[in-house]
Amino acid sequence: MSTVTSTAGQGGPSLPQERRLVTEIPGPRSRELFARKQAAVPPGIGTTLPVFVTHAGGGVVVDADGNSLIDFGSGIAVTGVGNAAPRVVERVRRQVADFTHTCFMVTPYESYVRVAEELNRITPGDHEKRTFLLNSGAEAVENAVKVARHATGRQAVVVFEHGYHGRTLLTMTLTAKNMPYKHGFGPFAPEVYRVPLAYPFRWPTGPENCAEEAAAQAIDTITKEIGAGNVAAVVIEPIAGEGGFIEPARGFLPAILEFCRRNGIVFIADEVQTGFSRTGDLFACEHEGIVPDIIVTAKGIAGGLPLAAVTGRAEILDRVHVGGLGGTYGGNPLACEAALGVLETIEAEDLTGRARRIGETMLPRLRALAERNPVIGDVRGRGAMIAIELVVPGTTEPHPTAAAEIAARCHAEGLLVLTAGTYGNVLRFLPPLVVPDHLLEEGLAILEKAVNET
Ligand SMILES: *Cc1c(COP(=O)(O)O)cnc(C)c1O
């Protein structure tokens with residue numbers, strides 16, 4: 001307790017931007033806290049790295065033992081603007097002293113409307129849009145499906161292999177991977193259908209044919225087994241996040257979109273992980289010029305405060321009756337102020353350009369590393385959303401233990417990295433977009449050493 005209060009308010013970018021290890025990882029204080037966690041919190045709530053955080057900002061996370069770790073995780077793509085980003089802190093600080101909650105559905109306030117206006121303006125497409133706000137990515141995906149079903153009068157929802165959309169009943173049903181997200185949690189929601197994703201590294205006939213063949217298979221399944229006229233919505237991540245940072249082969253997304261347009265199917269882009277400059281575009285859909293009917297955002301939207309949004313065509317969102325959408329906390333005033341601070345920061349610090357430069361630094365280094373280490377089967381991603389896929393050398397057989405071992409070596413050296421992938425064999429890198437160059441370089445050097453030693 002005392003360490004927390006004595007240094008309270010000293011997080012954010014002014015935190016010393018250095019890797020500093022003063023104990024083993026995790027240190028004694030974190031171990032103590034972890035023992036308490038294990039006694040008080042069910043094990044279903046997992047832990048990537050059991051260091052307990054006291055401060056964070058810029059490119060570092062500081063723990064209860066005084067270790068300063070390089071952050072290549074951003075709290076799972078949330079703190080793109082950095083932890084305790086000044087514009088976020090200042091707005092939230094003012095708001096928390098003015099009022100903390102009224103419920104937007106009871107007595108509204110301006111910041112919610114401003115967030116909606118901003119999202120309507122900056123998301124892909126210049127058609128008339130509406131936005132409503134929720135608390136989490138899952139809640140927003142679920143609401144997007146509700147809206148699409150209401151607008152179309154249809155029930156079926158099509159999702160893709162390797163997709164991840166959340167942990168509620170509907171969104172875990174939309175999610176592909178059984179363990180850990182679905183196992184034992186059934187029965188699942190009805191009218192959810194899964195079709196192939198254009199996964200270039202694992203496409204049986206090779207990456208060149210991937211987009212065309214995968215789109216043909218997906219469309220064939222929809223047409224023959226579901227019936228296009230029964231489909232309310234297609235829900236897809238423009239880059240599959242938890243599935244392993246899979247960029248669908250170029251041409252796949254436009255082909256699916258075109259099919260949706262021809263058949264009156266609502267195309268929902270789940271940009272919960274990819275949004276807000278992460279991929280080197282403000283939204284990942286921009287990369288291939290995709291204009292979704294509905295775009296779902298969360299994670300990077302509010303610098304860590306819980307907020308999510310559904311933004312879509314006015315003629316679709318306006319169909320729902322008065323009172324049909326909402327929730328007690330959705331668009332909480334603190335979270336809305338934080339989101340406005342995030343948007344100001346992205347613009348003022350050109351974080352979209354910054355994300356591109358992070359990719360330009362990381363990708364060549366990782367490709368060179370892959371040449372020397374055949375355990376790396378694929379290097380991929382865009383901007384500050386980069387991954388390596390680990391395989392048994394000389395094959396495409398997934399190698400999850402190599403991923404786990406490399407991650408453990410990085411953690412021991414004070415570099416926070418995350419794993420991902422349907423096969424658990426992907427290391428993903430999501431540095432804050434504000435990470436200083438010297439920490440990015442140092443993190444890459446630690447990673448290179450960890451791969452070389454594995
Ligand atoms: C994290 C994530 C979600 C779920 O968001 P929560 O805020 O955890 O509910 C949905 N879709 C994608 C693509 C995600 O990465």
Side-chain angles (χ1 to χ4, degrees), residues 44-46 48 73-80 123 132-146 148 157-177 180-182 185 189 192 194 197 199 233-248 253 267-279 281 283-285 287 290 292 294-312 327 329-332 335 338-339 342 381-387 418-422 426 428-430:
I45 304 290
T48 300
S74 298
I76 319 186
V78 170
T79 53
T123 49
F132 63 105
L133 302 176
L134 304 134
N135 300 293
S136 74
E139 196 188 0
V141 171
E142 187 139 357
N143 272 274
V145 170
K146 277 169 66 173
V157 180
V158 171
V159 288
F160 293 80
E161 279 170 6
H162 311 287
Y164 180 87
H165 302 288
R167 295 177 183 261
T168 61
L169 172 58
L170 178 61
T171 59
M172 83 172 160
T173 308
L174 302 178
T175 291
K177 191 176 174 179
Y181 305 122
K182 305 169 83 161
F185 297 142
V192 173
R194 194 170 309 284
L197 178 73
Y199 186 169
V234 160
V235 185
I236 188 164
E237 302 162 83
I239 298 179
E242 304 298 306
F245 287 15
I246 304 161
E247 285 182 89
L253 292 170
F267 184 99
I268 301 175
D270 180 349
E271 290 235 25
V272 169
Q273 192 153 162
T274 49
F276 300 99
S277 304
R278 174 56 57 187
T279 63
D281 288 298
F283 297 99
C285 280
H287 189 68
I290 299 289
I294 294 180
I295 179 168
V296 179
T297 52
K299 293 199 167 94
I301 194 175
L305 276 84
L307 188 70
V310 175
T311 301
Y329 293 114
N332 170 274
V342 164
R382 297 202 299 266
M385 185 171 184
I386 304 291
L418 308 175
T419 56
T422 302
V426 173
R428 57 171 156 169
F429 313 115
L430 293 160

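What you see is a predicted model, and the numbers here were worked out from it, not measured in a lab. One-based numbering, in listed order, for ligands and for the atoms of each. Along the sequence shown, residues carry numbers from 1.
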### Query
Which residues satisfy the ring-ring contact (aromatic ring centres under 6.0 Å, His included) test with Phe132, sequence neighbours excluded?
none
Measure from every N or O atom of ligand 1 to the protein's N or O atoms and keep only the pairs below 3.5 Å, writing each with atom names and distance to 0.1 Å.
unit_1   : atom_1 : unit_2 : atom_2 : d
ligand 1 : 5 (O)  : Gly137 : N      : 3.4
ligand 1 : 7 (O)  : Gly137 : N      : 2.8
ligand 1 : 9 (O)  : Gly137 : N      : 3.3
ligand 1 : 9 (O)  : Ala138 : N      : 2.8
ligand 1 : 11 (N) : Tyr164 : O      : 3.4
ligand 1 : 11 (N) : Asp270 : OD1    : 3.3
ligand 1 : 11 (N) : Asp270 : OD2    : 2.7
ligand 1 : 15 (O) : Gln273 : NE2    : 2.9
ligand 1 : 15 (O) : Lys299 : NZ     : 2.6

### Query
Any chance the rings of Phe276 and Phe283 have centres within less than 6.0 Å?
yes
#### Entry: Any residue meeting salt bridge (charged side-chain N to carboxylate O under 4.0 Å, His left out) with Glu247, in chain and number order, not counting sequence neighbours
Arg382
### Message
Once salt bridge (charged side-chain N to carboxylate O under 4.0 Å, His left out) is applied, do any residues pair with Glu242, and if so which ones, sequence neighbours excluded?
### Response
Arg428
### Query
Okay, side chain of Glu237, backbone of Tyr164: is any donor-acceptor separation there less than 3.5 Å?
yes
### Query
Do side-chain atoms of Arg278 reach the backbone of Gly300 as a donor and acceptor pair under 3.5 angstrom?
no
